[in-house]
Amino acid sequence: MIRRKTVRLGETLRLFWKENPELYHKMLEARVQRLWGELFGPSVARYTTNVYVKNRILYVFMTSSVVRSELVAMRKRLVMTLNKHAGSDVIDDVMIR
């Protein structure tokens, strides 16, 4: 089979994500979970036990009450930072427990 028309990989991926928006959103949620440890450094990651996204809300479980209270105070900024680095509006709120 000889292909006459070549398609760039980027265009193929764009078409795939356009046809499967639910997979694209799940990929962005996984990106936000990964970004949590990368963006806020090892000091915050050390006290983080669990991070997951459910219904556009990022749930973060912390072991340190001091770090937790600091992060609760800056929830809006956390949402803006994570969405900016993810490249889309993935989460609406952060619940820190």
Side-chain angles (χ1 to χ4, degrees):
M1 171 157 81
I2 298 175
R3 292 189 177 210
R4 302 277 185 226
K5 182 181 173 188
T6 60
V7 180
R8 293 189 180 268
L9 180 59
E11 183 60 35
T12 304
L13 287 174
R14 254 188 301 285
L15 182 61
F16 177 77
W17 294 128
K18 188 175 181 180
E19 291 176 357
N20 301 294
E22 63 281 348
L23 290 177
Y24 182 68
H25 190 70
K26 288 292 183 184
M27 182 200 61
L28 290 176
E29 288 177 356
R31 183 181 294 171
V32 166
Q33 291 174 5
R34 181 179 44 91
L35 282 172
W36 177 262
E38 292 176 10
L39 287 177
F40 304 112
S43 58
V44 173
R46 180 176 357 160
Y47 297 112
T48 303
T49 58
N50 195 7
V51 178
Y52 66 91
V53 178
K54 184 176 181 182
N55 297 330
R56 296 182 56 94
I57 298 174
L58 179 69
Y59 291 91
V60 181
F61 293 87
M62 307 295 292
T63 57
S64 170
S65 60
V66 175
V67 175
R68 183 180 331 126
S69 65
E70 290 289 326
L71 292 174
V72 166
M74 49 190 265
R75 278 182 19 200
K76 296 277 187 202
R77 200 165 88 197
L78 292 174
V79 170
M80 289 184 346
T81 303
L82 288 167
N83 282 335
K84 181 179 129 191
H85 281 74
S88 180
D89 286 338
V90 181
I91 58 172
D92 295 328
D93 198 8
V94 176
M95 297 297 292
I96 300 172
R97 298 181 179 182

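Quick caveat: nothing in here was measured; it's all calculated off a predicted structure.
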Less than 3.5 Å apart, which donor and acceptor atoms pair up between the side chains of residues 22-31 and the rest of the protein, not counting sequence neighbours?
residue, atom, partner, partner atom, Å
His25, NE2, Glu29, OE2, 3.1
Arg31, NH1, Ala86, O, 2.8

Practice item. Could you state whether Val32 and Trp17 fall into the same hydrophobic cluster, counting links through intermediate Ile, Leu, Val, Met, Phe, Trp or Tyr residues with side-chain heavy atoms under 4.5 angstrom apart? Key: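 Per the 4.5 Å side-chain linkage, Val32 and Trp17 are co-clustered.
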Point to revise | With Arg14 via salt bridge (Lys or Arg N to Asp or Glu O under 4.0 Å) - residues at least two apart | key: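 By the salt bridge (Lys or Arg N to Asp or Glu O under 4.0 Å) rule, Arg14 matches Glu11.
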Practice item. Please name all residues satisfying ring pair (Phe, Tyr, Trp, His ring centres under 6.0 Å) with Tyr59, sequence neighbours left out, ordered by chain then number. Key: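 Tyr59 satisfies ring pair (Phe, Tyr, Trp, His ring centres under 6.0 Å) with Tyr52 once adjacent residues are dropped.
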Check your understanding: With Phe40, which residues qualify under ring pair (Phe, Tyr, Trp, His ring centres under 6.0 Å), at least two apart?
Key ->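 Counting only residues at least two positions away or on another chain, Phe40 forms a ring pair (Phe, Tyr, Trp, His ring centres under 6.0 Å) with Trp36.
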Exercise for review: Would you check if Leu82 and Val90 make a side-chain contact, meaning some heavy-atom pair closer than 4.5 Å?
Suggested key: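 With C-beta onward as the side chain, the pair stays apart.
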Point to revise | Asn55 atom CG, over 12 foreign heavy atoms within 6.0 Å | key: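 Count not over threshold, so no.
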Review point. Rest of the hydrophobic cluster containing Val7 (Ile/Leu/Val/Met/Phe/Trp/Tyr, side-chain heavy atoms under 4.5 Å)?
Key: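 Members besides Val7: none; it forms no cluster.
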Without placing hydrogens or testing angles, list every side-chain donor-acceptor pair under 3.5 Å for residues 65-74, not counting sequence neighbours.
residue, atom, partner, partner atom, Å
Ser69, OG, Ser65, O, 3.4
Ser69, OG, Val66, O, 2.9

Check your understanding: What pairs with Thr49 under side-chain contact (heavy atoms from CB on, under 4.5 Å), at least two apart in sequence or on another chain?
Key ->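 Per chain and number, Thr49 pairs via side-chain contact (heavy atoms from CB on, under 4.5 Å) with Phe61, Thr63.
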Check your understanding: What residues, two or more places apart in sequence or in another chain, satisfy side-chain hydrogen bond (donor to acceptor under 3.5 Å, both in side chains) together with Arg75?
Key ->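 Arg75 satisfies side-chain hydrogen bond (donor to acceptor under 3.5 Å, both in side chains) with Asp93 only.
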Check your understanding: Arg34: what forms a side-chain hydrogen bond (donor to acceptor under 3.5 Å, both in side chains) with it, not counting sequence neighbours?
Key ->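 Glu38.
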Review point. Could you give the distance from CG (Leu78) to CD1 (Ile96), rounded to the nearest 0.5 Å?
Key: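 It comes to 5.5 Å.
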Practice item. Any side-chain hydrogen bond (donor to acceptor under 3.5 Å, both in side chains) involving residues 76-92? Give me the pairs, sequence neighbours left out, ordered by first then second residue. Key: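 Passing the test, one end in residues 76-92: Arg56-Asp92.
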Exercise for review: Looking only at non-hydrogen atoms, find the nearest pair between Gly37 and Ala45 and report the distance.
Suggested key: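 Heavy atoms only, the tightest pair is CA-CB, 4.3 Å.
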